[in-house]
**Student:** 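Sharing a structure with you now.
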Amino acid sequence: MPDLFFPIMFNAMEVQTFEALQACNLFTAQYGLCLSAEQIQSMVNKRFDTLKAMGRMEFGEGILKQLIYQFCDSPYITQENYEGILCDLLDSFYYFKNESMDSIPDDVLLSMMKRQFDGKCQGSTEFLNGSFLEELCRSARYRNSKNG
Amino acid sequence: MTTLQPFGENKIRHMSPLETEQLQCQIWMLMEKQVRRYTMGESSSVPEEIARKLLKSIYFTLRAGAGEVPAEQWIRYLQSRPVEALFQLGQKKIYQRLLLSKTLFMQVKGTCPAVQNIAYRDTVNALEDFFTQYDFRSMAYEIPCMIDYQLCVSVSENLSGVFFIQTYLERLFAENKFLKCFSKDKIILLLHAYCIDYQEQLVNLAEPVLVNAIGLMLLNQDIFRLEISFGERRELFLLFQQWSRQEAEENIAGAIQKICGQLRIHSPKMQKYFLLMSMELAHRIWQLDSQYGFQGVFLSFKAQQDSNIFE
């Protein structure tokens with residue numbers, strides 16, 4: 001993404017994302033979750049790398065903040081796996097946005113992911129990607145093709 | 001790298017870094033709004049392809065807002081006013097064009113020639129779709145319909161979105177109005193001579209009619225006859241042989257003026273279009289190999305062997 005859009009705006013977005021994630025720490029602290037400055041920077045880079053890899057462009061603070069708010073109360077996320085799971089979920093989120101041909105709104109996809117993550121998937125992002133999300137996107141695509 | 005750069009490196013080069021930053025910042029904010037609108041606030045991200053289209057539409061709308069500002073002054077013009085305001089002005093102008101095009105489309109539908117042509121019919125049906133599919137807020141530069149029917153003089157490919165459609169409809173309406181002035185049966189006979197399966201081919205219906213009308217006018221004959229005999233063709237050939245290209249163009253233009261007068265077509269826009277159509281004829285005549293004469297230009301009706309010709 002950075003090499004596709006105005007570089008000046010990319011820098012501003014980087015700062016914006018960094019600050020937004022820092023602010024998230026205040027909220028997630030109640031669940032014993034916190035990202036260090038280094039981890040935040042790595043998440044910021046991850047955001048842009050994933051967007052680029054997935055061929056998407058994002059505006060504003062992006063989905064990371066919502067992702068954190070949605071998943072921070074999960075019993076399967078601990079301080080030890082927090083950063084890793086966030087990265088996996090971020091990948092899954094953009095991947096399935098593409099796979100569903102953008103027909104599932106952000107908040108709906110996030111809440112569905114969360115329900116399955118805490119439910120059937122028991123905290124496994126692999127299971128989440130391999131079973132539930134694939135099926136969800138297949139039916140979204142089917143709906144799309146039926147609606148022409 | 002610069003595919004999403006608004007104006008290309010060569011134009012940005014003339015701007016100071018601060019000016020570039022200010023402009024990019026304004027366009028970025030506009031882009032953010034447009035993405036929100038496009039996704040109806042349901043998604044913070046869009047596929048790159050959509051982002052490119054949205055940005056292209058923003059530039060298209062800004063250009064529409066700027067109107068006739070020459071390309072070299074475009075950047076300065078853009079810097080001199082708020083981008084958001086110019087964008088809104090552009091949207092307003094595009095919307096006005098859309099309304100105008102809708103009226104034009106109704107006029108086209110009301111004046112469709114009685115002769116059959118598949119491409120014509122399909123195009124008119126497809127144009128109806130344009131008005132339901134065209135998203136002037138997000139994809140203003142797109143032409144979301146298939147246009148098969150070839151006008152006598154094509155619309156420039158530099159035009160897009162509603163600007164293309166408006167010009168196409170104006171020209172189509174002018175051709176319709178012109179054809180309406182002549183007898184259906186004679187048009188069919190002429191088209192049959194022009195292209196035996198004209199109903200199924202991508203041919204323009206007005207062109208052969210205009211060409212023969214010009215020929216008859218140059219010979220001071222009744223243009224409504226539409227047919228040019230062998231002798232008249234020979235006469236025309238001799239006439240054109242006497243003229244220089246400039247004289248031929250002037251005489252053809254004069255014939256067009258007279259034809260418009262006879263047909264009571266007073267709209268300057270339509271007259272201008274007929275003139276444009278006739279210049280194609282002048283060009284065609286000048287490219288002709290003289291050994292073949294005007295056999296393929298000014299047409300005679302074919303012997304009516306086929307009884308189904310009028311069906």
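The sequence lines fix the lettering, A, B, ..., with proteins before strands; numbering per chain opens at 1.
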**Student:** Quick one: which residues of residues 62-74 of chain A reach chain B at under 4.5 angstrom, heavy atoms only?
**Tutor:** Gly62(A), Ile63(A)

**Student:** What distance separates Arg52(B) CZ from Met57(A) CE, expressed to the nearest 0.5 Å?
**Tutor:**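 Going from the CZ atom of Arg52(B) to the CE atom of Met57(A) covers 7.5 Å.
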
**Student:** Measuring heavy-atom distances to chain A, does Val46(B) have an atom under 4.5 Å in its side chain, in its backbone, in both, or in neither?
**Tutor:** both

**Student:** May I ask you to check whether over 12 heavy atoms, not counting those of Phe96(A), lie within 6.0 Å of atom CZ?
**Tutor:**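 It does: Phe96(A) CZ has more than 12 such atoms within range.
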
**Student:** Assess whether atom CZ of Phe18(A) is packed by more than 12 heavy atoms of other residues, nucleotides or ligands within 6.0 Å.
**Tutor:**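 Correct, the count exceeds 12.
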
**Student:** How about CZ on Arg137(B), more than 12 heavy atoms from neighbouring residues, nucleotides or ligands closer than 6.0 Å, or not?
**Tutor:**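 No, not enclosed.
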
**Student:** What do you reckon, is NZ of Lys56(B) surrounded by more than 12 foreign heavy atoms closer than 6.0 Å?
**Tutor:** no

**Student:** To the nearest 0.5 Å, tell me how far Phe59(A) CZ sits from Thr39(B) OG1.
**Tutor:**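 The distance works out to 10.0 Å.
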
**Student:** Mind checking which of residues 99-123 of chain A sit less than 4.5 Å from chain B, heavy atom to heavy atom?
**Tutor:** Asp102(A), Pro105(A), Asp106(A)

**Student:** So for atom CD, which belongs to Gln30(A), do other residues, nucleotides or ligands contribute more than 12 heavy atoms lying within a distance under 6.0 Å?
**Tutor:**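 Atom CD in Gln30(A) is crowded, with more than 12 foreign heavy atoms closer than 6.0 Å.
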
**Student:** Of the non-hydrogen atoms in Glu58(A) and Ser44(B), which two are nearest, and what is the gap between them?
**Tutor:** OE2-OG, 3.0 Å

**Student:** With no hydrogens and no angle check, just 3.5 Å: does a side-chain donor-acceptor pair link Ser43(B) and Lys97(A)?
**Tutor:** yes

**Student:** Could you tell me whether Gln79(A) atom CD has more than 12 heavy atoms of other residues or ligands within 6.0 Å of it?
**Tutor:**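 Count over threshold, so yes.
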
